[in-house]
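Structure first, commentary second.
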Protein chains: 2
Amino acid sequence: MCYGRVVTEVATGNAAAPGRRERKRSQTRADLIAAAHHLFSEQGFDETTTADIAERADVSQRTLFRHFPSKEAVLYGDMEGLRHELRDALAERPSGESIVESLRQAMLSLANDVEQNRGSRLLQGRLAAGYPSVSAYSRAVVQTEWERELIEAVALRLGVDAASDARPEVLAGATMSAIRFATRQWTTGGAKGDYLLLILDAMGCIDDLGMTT
Amino acid sequence: MCYGRVVTEVATGNAAAPGRRERKRSQTRADLIAAAHHLFSEQGFDETTTADIAERADVSQRTLFRHFPSKEAVLYGDMEGLRHELRDALAERPSGESIVESLRQAMLSLANDVEQNRGSRLLQGRLAAGYPSVSAYSRAVVQTEWERELIEAVALRLGVDAASDARPEVLAGATMSAIRFATRQWTTGGAKGDYLLLILDAMGCIDDLGMTT
DNA sequence: TAGAATATGTCAGTCGCTGACATTTGTCAA
DNA sequence: TTGACAAATGTCAGCGACTGACATATTCTA
């Protein structure tokens with residue numbers, strides 16, 4: 001069940017003037033996210049119903065599901081741009097650079113995002129640690145999307161087909177594991193440490209995975 | 001939501017005589033799995049309701065949810081032992097062996113299982129490819145359980161704490177990616193090829209991940 | 001064989017999520 | 001400005017996964 005897609009109808013070419021309609025739309029979207037984050041952090045994820053969220057955002061429950069395909073999607077609703085940032089960051093790396101180094105540099109996007117959205121990211125991390133359904137969504141949807149970006153970027157750089165060559169997927173998998181590890185450390189540590197440092201540290205072992213004892 | 005646990009109440013110490021009650025219990029469990037697999041392969045996953053499954057297994061819907069915590073869990077209900085097989089296989093490897101080699105050898109368990117349950121594994125693979133909810137469950141529950149086994153085994157062998165040292169998690173992540181890649185190849189190829197060979201092939205690149213271009 | 005333990009059925013109910021239809025609101029051209 | 005079209009929203013009814021509670025039946029054990 002769950003996790004269905006919602007057609008987000010992104011800007012129709014003209015990225016300059018959003019217009020009142022689009023402005024209102026993204027406002028209710030932001031309201032829903034804010035309402036959800038507030039309630040989740042106050043009462044917990046399972047303990048908050050989608051009706052509660054809609055109520056607090058002052059829209060109907062039906063409207064919530066027009067903006068988000070699932071309750072979990074509202075929680076992660078403020079991570080939209082991150083995927084593209086990741087993609088762009090990867091695309092901008094010089095092709096002369098080693099791939100692992102490119103991946104490392106791309107992690108700056110993540111670190112940047114975490115720094116600018118501390119509260120939200122911490123909430124997401126804590127809920128993922130405490131609620132199986134949130135953890136499942138994070139793994140199965142959010143992280144899988146990022147992984148796909150990594151895979152495609154690596155495949156492009158290696159000049160191979162990701163469907164027939166395992167290397168992109170395996171390298172991306174190792175990187176995602178490093179991200180998970182770092183994120184967990186950051187979350188359980190109360191978001192005090194330097195996220196970027198944690199990631200780079202975790203990624204350090206990729207260079208000599210094969211040599212592991 | 002979903003994916004809650006069910007207390008499976010495994011054998012009460014005495015592994016010899018299951019007794020009629022336990023026999024009946026595991027029989028209805030098997031019936032449910034068989035019914036589900038049949039209906040899933042005939043009509044698809046989303047198109048089959050838990051009421052349908054219960055009906056076909058000739059039990060009440062409530063009973064289904066006493067045996068399995070979710071519809072997805074019924075689909076993967078015949079994968080119980082695999083996790084422990086994996087663990088045992090890993091525990092039995094000599095500590096002198098390189099860890100990657102141990103992981104490779106442990107993959108024999110998976111390959112064995114796939115060989116002995118072709119139909120079921122192929123169905124699971126196809127449904128995971130076709131239904132987001134199945135794919136999500138596979139990633140978030142099944143694969144995550146396996147990964148945890150790998151992590152613990154590697155941590156033990158390295159003599160490090162998996163909570164503070166990233167290497168076990170990163171190596172396990174790379175391995176899981178190789179498994180995913182191999183499984184996808186096997187599934188889309190119609191389950192014709194040698195699964196073990198596909199896994200070993202995919203794992204081949206782990207040795208020199210850091211050197212990638 | 002009595003009594004405890006467990007498995008099952010039944011029923012009512014919650015909650016996530018969706019389709020259908022009517023209403024409002026923003027947009028854009030005449 | 002107005003009038004028509006498109007998109008956003010509200011309302012309502014309903015499906016389906018999943019759960020708690022209680023009664024009943026079956027199995028185990030002393």
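In this text the structure is predicted, and so the values were computed from the model without any measurement. Order of the sequence lines fixes the chain letters, A, B, ..., with proteins taken first and strands second; residue numbering starts at 1 for each chain.
- Between A:Lys71 and C:dC17 there is no side-chain polar atom (N or O) within less than 4.0 angstrom of OP1 or OP2.
- Side-chain atoms of B:Trp146 and B:Ile179, non-hydrogen and from C-beta on, do get closer than 4.5 Å to each other.
- B:Arg21 has no side-chain polar atom (N or O) that falls below the 4.0 Å cut-off from OP1 or OP2 of C:dT6.
- A salt bridge links B:Glu147 and A:Arg139; the closest N-O separation between the charged side-chain nitrogens and carboxylate oxygens is under 4.0 Å.
- For the pair A:Phe45 CZ and C:dC15 P, the computed distance is 14 Å after rounding to whole Å.
- We find that CD of B:Gln27 is positioned 13 Å from P of D:dT27, with the value rounded to whole Å.
- Evaluation of the ring pair (Phe, Tyr, Trp, His ring centres under 6.0 Å) rule for A:Phe181 yields no partner, not counting sequence neighbours.
- Ranked by how close their nearest DNA chain D nucleotide is to the 5' end, B:Arg20 and B:Ala51 are led by B:Ala51.
- Each of A:Arg167, A:Met176, A:Glu169 was evaluated against A:Ile151; a single residue qualifies, A:Glu169, per the side chain to side chain contact (heavy atoms under 4.5 Å, CB included) test.
- For the pair B:Glu22 CD and D:dT27 C1', the computed distance is 12 Å after rounding to whole Å.
- Atom-to-atom, CD of B:Glu55 to C1' of C:dG9 comes out at 13 Å; the value is rounded to the nearest Å.
- A search for salt bridge (charged side-chain N to carboxylate O under 4.0 Å, His left out) contacts involving A:Glu85 returns nothing, not counting sequence neighbours.
- Using cut-offs of 30° and 60° on the angle between ring planes, the pair B:Tyr195 and B:Trp186 is perpendicular.
- Between the side chains of A:Gln124 and A:Asp78, at least one donor N or O lies within less than 3.5 Å of an accepting N or O.
- Look at CG on B:Asp31: it is 14 Å from C1' on C:dT8, rounded to the nearest Å.
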Please write out each protein N/O paired with an N/O of nucleotides 11-15 of chain D under 3.5 Å, distance rounded to 0.1 Å.
none

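- OP1 or OP2 of D:dA17 has not a single side-chain nitrogen or oxygen of B:Ser70 nearer than 4.0 Å.
- Between B:Arg23 atom CZ and C:dA7 atom C1' the separation is 15 Å, expressed in whole Å.
- Counting to the nearest Å, the P atom of C:dG9 and the CG atom of B:Leu64 are 11 Å from each other.
- Computed from coordinates, the A:Asp58 CG to C:dT24 P distance equals 17 Å when rounded to whole Å.
- Distances shown here put every side-chain N or O of B:Thr49 at or beyond 4.0 Å from the OP1 or OP2 atom of D:dG16.
- Distances shorter than 4.0 Å separate some side-chain N or O of A:His67 from OP1 or OP2 on D:dT9.
- Between C:dA7 and B:Thr28, no contact under 4.0 Å exists linking OP1 or OP2 to a side-chain N or O.
- Side-chain proximity of A:Lys24 to C:dT25, D:dC28, C:dC17: nearest is C:dT25.
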